[in-house]
Amino acid sequence: MALILEQVPWIVMPIIFPLIGSMLCFLFPAKAKSLSLLTSLVVLTCVTGLGWQLKALGSLRYPIGGWGAPLGIDLYADGLSLLMLLMAALVGLGISIYSSSYFSRDKANHFWPLWLLLCGALNALFLSADIFNLYVTLELLGLTAVALVALAGSANALISAMRYLLVSLLGSLFYLLGVALIYHSVGSLDIAIIAQRVEPSPAVWAAVGLISTGLLLKTALFPMHFWLPPAHASAPAPVSALMSALVVKASFYILLRMWLEFFQTQGGSFANFLGLLGAAAVLWGGIQALRQTRLKLLIAYSTVSQLGYLFLAFPLGTSLAWKGALYMLFSHAMAKAAMFMAAGNIQFFGGHDRIAELGPITQRLPLTLTAFALAGISIMGLPPSGGFIGKWLLLQASIESGQWWWGIILLLGGFLAAGYVFKVIGHVFTHDEPTSQAGKLPATMEWSALGLALIAVLLGIFTYWPLAMLEMGSPIGTGYSG
């Protein structure tokens with residue numbers, strides 16, 4: 001039985017099943033809700049199967065159509081890929097459960113095919129071993145995300161979607177120009193082959209700059225974050241959740257992959273520059289979140305701040321720092337998806353998300369506010385939570401490497417996060433009369449938010465499996481292997 005399971009091509013299934021599910025949802029809209037929930041469960045099962053296979057075999061390459069690199073295209077999986085796939089599968093299942101009660105029928109007919117198409121593109125991106133194939137999946141991801149942002153149909157949503165589209169296309173243009181320079185210099189698009197052949201040259205340095213700029217623009221790192229808060233604030237709550245938890249992480253994943261393989265040998269002081277931008281994002285995003293009067297905008301600026309932590313690992317450059325950043329990435333995805341779902345619950349129930357007027361609403365939604373508070377624990381980096389483990393590993397790496405100033409940024413960011421989280425939670429303790437004019441909130445919307453928030457907290461208790469996952473195939477050490 002074990003031998004049969006080892007021979008199953010688990011690596012292709014997280015890509016195939018969402019694409020099939022997307023087509024079926026488009027063809028049979030009346031069954032789309034059930035099909036999406038089933039697809040999300042199947043994807044989580046396939047990711048679990050791939051994890052079992054990686055534990056037994058180590059890193060895995062799969063030549064598509066039997067044609068391997070350099071002529072064909074390979075899929076590649078290791079512990080880092082698995083961590084990203086598991087993150088997407090868990091958040092995706094939560095979003096599917098939440099969305100089953102959120103959308104009206106006409107909106108749902110458009111949401112389900114787009115969401116599963118985005119899921120398939122995201123999984124393909126995490127498994128790609130070819131820098132042009134990464135471009136294709138990144139474009140597919142961006143276009144579906146733009147369509148989902150516009151799904152609300154309001155003027156603000158359409159404007160935000162158009163802005164996001166233009167930014168996404170600009171980022172893709174920079175990335176594609178960099179890919180052309182890499183191919184001209186190295187003669188291959190496969191990451192493993194590029195890592196073996198690449199040598200410092202003006203063309204390679206230009207490629208590093210172009211690719212990094214395009215990916216940083218898509219990741220919304222300060223000061224290139226201007227498109228993110230409006231897009232998150234005007235999109236439907238499930239779309240905001242998947243944008244913050246998953247979509248912006250995809251471009252960071254590509255940058256990290258390339259950095260671990262060949263960028264760090266070309267970048268030099270570029271690592272410190274990324275660290276400075278990350279530190280500025282932590283502080284600027286936190287301050288802007290404190291200033292917001294609308295809940296979804298507060299959470300959106302919190303995303304800008306939290307993304308900054310990931311880039312503090314670049315100047316630190318140690319295995320401990322990378323593990324800390326990736327642990328933060330995983331826990332942030334769970335916590336931020338839960339926060340946006342909680343905000344969606346409040347808006348769905350009370351008709352608005354004005355922070356100053358949340359008192360009468362929040363007293364009627366104890367589970368939603370519990371979800372927000374638990375997610376806030378991880379965002380602040382308090383124990384026991386996944387955010388605490390990530391920050392602790394980064395702090396330890398900054399002290400061990402003698403770069404203590406990054407540790408100060410971590411602490412300041414935590415204080416700012418505490419400020420804007422308690423700005424919301426404080427309304428629970430007011431003496432306002434509970435609102436009598438409110439909609440009915442389905443239980444699945446509250447429990448799905450609470451479930452993801454609980455995962456964000458439990459990541460601080462059960463740390464062995466996520467950290468052990470990052471050792472599969474040694475992605476933070478040797479990178480891709482043939």
Side-chain angles (χ1 to χ4, degrees), residues 212 215-229 232 243-245 248-249 251-253 255-256 259 270-292 297-318 320-336 339-340 375-383 385-399 401 403-424 456:
S212 298
L215 294 175
L216 293 178
L217 193 59
K218 286 176 174 286
T219 308
L221 180 65
F222 177 89
M224 294 173 279
H225 68 286
F226 57 90
W227 61 268
L228 185 145
H232 285 195
M243 288 278 292
S244 181
V248 294
K249 308 291 174 54
S251 47
F252 174 80
Y253 168 81
L255 181 63
L256 176 60
W259 186 270
F270 187 49
N272 288 321
F273 177 67
L274 290 177
L276 288 173
L277 290 181
V282 170
L283 300 179
W284 175 260
I287 292 170
Q288 291 301 310
L290 279 170
R291 297 179 58 196
Q292 299 309 308
L297 270 174
L298 181 150
I299 301 171
Y301 276 105
S302 169
T303 298
V304 174
S305 178
Q306 296 293 310
L307 288 172
Y309 288 114
L310 307 180
F311 289 88
L312 300 183
F314 285 87
L316 294 173
T318 64
L320 191 64
W322 293 123
K323 287 180 179 179
L326 290 168
Y327 214 96
M328 281 206 66
L329 180 146
F330 194 99
S331 60
H332 172 266
M334 304 300 147
K336 196 51 63 75
M339 275 189 162
F340 271 115
I377 290 174
S378 186
I379 293 298
M380 290 185 283
L382 297 179
S385 69
F388 169 76
I389 299 299
K391 285 187 177 181
W392 179 260
L393 293 175
L394 284 171
L395 184 62
Q396 188 177 347
S398 68
I399 294 172
S401 64
Q403 302 180 65
W404 51 267
W405 47 90
W406 304 120
I408 294 177
I409 297 297
L410 288 167
L411 296 176
L412 290 175
F415 286 126
L416 289 170
Y420 58 72
V421 169
F422 282 109
K423 179 179 179 180
V424 178

Just by modelled atom types, is the [Y] backbone N or O under 3.5 Å from a matching donor or acceptor in the [X] side chain?
X      : Y      : answer
Lys336 : Ile379 : no
Lys391 : Tyr309 : no
Gln403 : Pro315 : yes

Which value, rounded to the nearest 0.5 Å, describes the distance between [X] atom [atom1] and [Y] atom [atom2]?
X      : Y      : atom1 : atom2 : answer
Phe330 : Lys249 : CZ    : NZ    : 10.0 Å
Leu312 : Leu276 : CG    : CG    : 9.5 Å
Leu298 : Thr303 : CG    : OG1   : 10.0 Å
Met339 : Ser302 : CE    : OG    : 5.5 Å

Residues in side-chain contact (heavy atoms from CB on, under 4.5 Å) contact with [X], at least two apart in sequence or another chain:
X      : result
Ser385 : Ile377, Ser378, Phe388
Thr318 : Leu320, Ala321, Ala397
Met224 : Leu216, Leu217
Leu395 : Ser398, Ile399, Leu410

Do the side chains of [Y] and [X] get nearer than 4.5 Å, heavy atoms only?
X      : Y      : answer
Leu277 : Pro223 : yes
Thr219 : Leu255 : no
Phe270 : Leu274 : yes

Can you name the nearest heavy-atom pair linking Ala300 to Pro229, along with the distance?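 It is CB-CA, 3.8 Å.
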
What pair of heavy atoms forms the shortest contact from Ala456 to Ser331, and how long is it? CB-O, 4.0 Å

Can I get a per-line list of side-chain donor-acceptor pairs under 3.5 Å for residues 279-291, giving both atom names and the distance, sequence neighbours left out?
{"residue": "Trp284", "atom": "NE1", "partner": "His225", "partner atom": "NE2", "Å": "3.4"}

Pairing residues for [X] by the side chain to side chain donor-acceptor pair (under 3.5 Å) criterion, not counting sequence neighbours:
X      : result
Trp227 : none
Tyr327 : none
Ser305 : none

Passes side-chain contact (heavy atoms from CB on, under 4.5 Å), Phe252 versus Leu307? Steps please. CA-CA 9 Å; Phe252 174 80; Leu307 288 172; over 6 Å; no

Steps toward side-chain contact (heavy atoms from CB on, under 4.5 Å) verdict (Phe340, His232): CA-CA 9 Å; Phe340 271 115; His232 285 195; 3.7 Å; yes

Qualifying residues under ring-ring contact (aromatic ring centres under 6.0 Å, His included), relative to Phe314, sequence neighbours excluded: Trp259, Phe311, Trp322

